[in-house]
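Working notes for the structure below.
Residue numbers start at 1 and run along the sequence shown.
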Amino acid sequence: QLHLVESGGGLVNPGGSLTLSCAASGFPFDEFFVGWFRQAPGKEREGVAIISSSDGTTYYPESVKGRFTVSSDSAKNMVYLKMDSLKPEDTAVYYCVANEIDEILGGQELQQANYDYWGQGTQVTVSS
């Protein structure tokens with residue numbers, strides 16, 4: 001069974017930067033999408049960054065493109081989310097997610113229903 005554990009959340013000033021980490025263990029498949037979703041108060045969960053283990057292709061919505069960067073370290077079984085130029089609207093609980101690549105259709109990489117494995121979440125608050 002795949003387990004995902006996030007860390008690195010906290011309070012940061014608007015315009016600041018923060019990096020989240022996700023430790024993964026027990027992968028039942030070799031090729032997968034892994035990355036991050038978030039849920040702000042009163043809002044639907046939103047996919048913010050996904051990376052393919054097969055070729056490193058990344059997926060971002062327009063709301064974070066150019067500000068967030070997802071990366072992974074296969075040797076350490078870690079995935080990261082580097083967030084720059086943070087805005088108050090980035091405040092949310094951030095979740096590490098993963099799923100087998102073959103189960104996700106092209107164009108649906110940022111749809112939450114396509115991910116079976118979720119971490120517990122880590123709170124990010126952007127406020128001065």
Side-chain angles (χ1 to χ4, degrees):
Q1 180 72 18
L2 176 63
H3 288 86
L4 305 168
V5 181
E6 306 97 331
S7 62
L11 177 65
V12 62
N13 291 327
S17 298
L18 194 66
T19 297
L20 306 181
S21 299
C22 175
S25 62
F27 270 92
F29 34 77
D30 292 328
E31 293 190 327
F32 52 91
F33 288 122
V34 64
W36 302 86
F37 278 67
R38 69 184 181 186
Q39 186 167 25
K43 301 294 183 70
E44 296 290 320
R45 287 188 179 184
E46 175 189 27
V48 296
I50 296 293
I51 186 168
S52 170
S53 70
S54 65
D55 60 8
T57 300
T58 55
Y59 306 87
Y60 304 95
E62 288 298 323
S63 59
V64 308
K65 192 173 297 182
R67 299 188 299 118
F68 289 12
T69 303
V70 62
S71 62
S72 63
D73 184 337
S74 60
K76 297 182 178 180
N77 292 324
M78 297 287 292
V79 59
Y80 306 97
L81 181 66
K82 186 176 188 296
M83 303 180 290
D84 297 316
S85 301
L86 283 162
K87 306 173 181 179
E89 50 263 47
D90 293 319
T91 296
V93 176
Y94 284 72
Y95 299 90
C96 186
V97 303
N99 214 85
E100 186 175 7
I101 285 179
D102 289 346
E103 296 181 354
I104 301 178
L105 296 176
Q108 298 183 342
E109 295 86 358
L110 297 172
Q111 296 294 316
Q112 67 173 351
N114 289 322
Y115 292 87
D116 294 330
Y117 301 94
W118 293 71
Q120 83 286 352
T122 185
Q123 176 71 46
V124 173
T125 301
V126 184
S127 180
S128 60

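Residues Arg38 and Val64 form a side-chain contact, since some pair of their non-hydrogen atoms from C-beta on lies under 4.5 Å apart. Contact annotation: the side chain of Met83 never approaches that of Val12 to less than 4.5 Å [non-hydrogen atoms, C-beta and beyond].
Scanning both residues, Ser17 and Ser85, for their nearest heavy atoms gives OG-N, 4.4 Å. Considering all non-hydrogen atoms of both residues, Phe33 and Ile101 come closest at N-CG1, 3.6 Å. Of all non-hydrogen atoms in Tyr117 and Leu4, the two that sit nearest each other are O-CD1, 3.6 Å. Taking every heavy atom of both residues into account, Lys65 and Glu62 meet most closely at NZ-OE2, 2.9 Å.
Checked against the 6.0 Å centroid threshold, Tyr115 and Tyr95 do not count as a close aromatic pair.
Listed for the Asn77 side chain is no donor-acceptor partner under 3.5 Å among the backbone atoms of Ser25. In this structure a side-chain-to-backbone donor-acceptor pair under 3.5 Å is present from Glu6 to Gln120. Remark: side-chain polar atoms of Glu109 are paired, donor with acceptor, to backbone N or O of Gly107 under 3.5 angstrom. With hydrogens and angles ignored, the 3.5 Å screen pairs a side-chain donor or acceptor of Thr91 with a backbone N or O of Val126.
Taking NZ of Lys82 as the start and CG of Leu20 as the end, the distance is 11.5 Å to the nearest 0.5 Å. Here Glu46 contributes atom CD and Gln111 contributes atom CD; the two are 11.0 Å apart, rounded to the nearest 0.5 Å. Taking OG of Ser63 as the reference point, atom CG of Asp90 lies at 7.5 Å (rounded to 0.5 Å). Taken from CZ in Phe68 to CH2 in Trp36, the straight-line distance is 11.0 Å, to the nearest 0.5 Å. Atoms CG and CG, on Leu11 and Leu18 in that order, are 9.5 Å from each other to the nearest 0.5 Å. Asn99 contributes atom CG, which lies 12.5 Å from atom CD of Gln112 (distance to the nearest 0.5 angstrom).
Using a 30° and 60° split on the angle between ring planes, Phe37 and Trp118 fall in the tilted class, from 30° to 60°.
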Indicate every side-chain donor-acceptor pair of residues 48-56 with a distance under 3.5 Å to a residue at least two apart or in another chain.
{"residue": "Ser52", "atom": "OG", "partner": "Ser54", "partner atom": "N", "Å": "3.2"}
{"residue": "Ser52", "atom": "OG", "partner": "Ser54", "partner atom": "OG", "Å": "2.8"}
{"residue": "Ser52", "atom": "OG", "partner": "Asp55", "partner atom": "OD1", "Å": "3.4"}
{"residue": "Ser53", "atom": "OG", "partner": "Phe32", "partner atom": "N", "Å": "2.9"}
{"residue": "Ser53", "atom": "OG", "partner": "Phe32", "partner atom": "O", "Å": "3.2"}
{"residue": "Asp55", "atom": "OD1", "partner": "Thr57", "partner atom": "N", "Å": "3.0"}
{"residue": "Asp55", "atom": "OD1", "partner": "Thr57", "partner atom": "OG1", "Å": "2.9"}
{"residue": "Asp55", "atom": "OD2", "partner": "Thr57", "partner atom": "OG1", "Å": "3.2"}

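Hydrophobic cluster membership for Tyr80: Met78 (Ile, Leu, Val, Met, Phe, Trp, Tyr linked by side-chain heavy atoms under 4.5 Å, directly or transitively).
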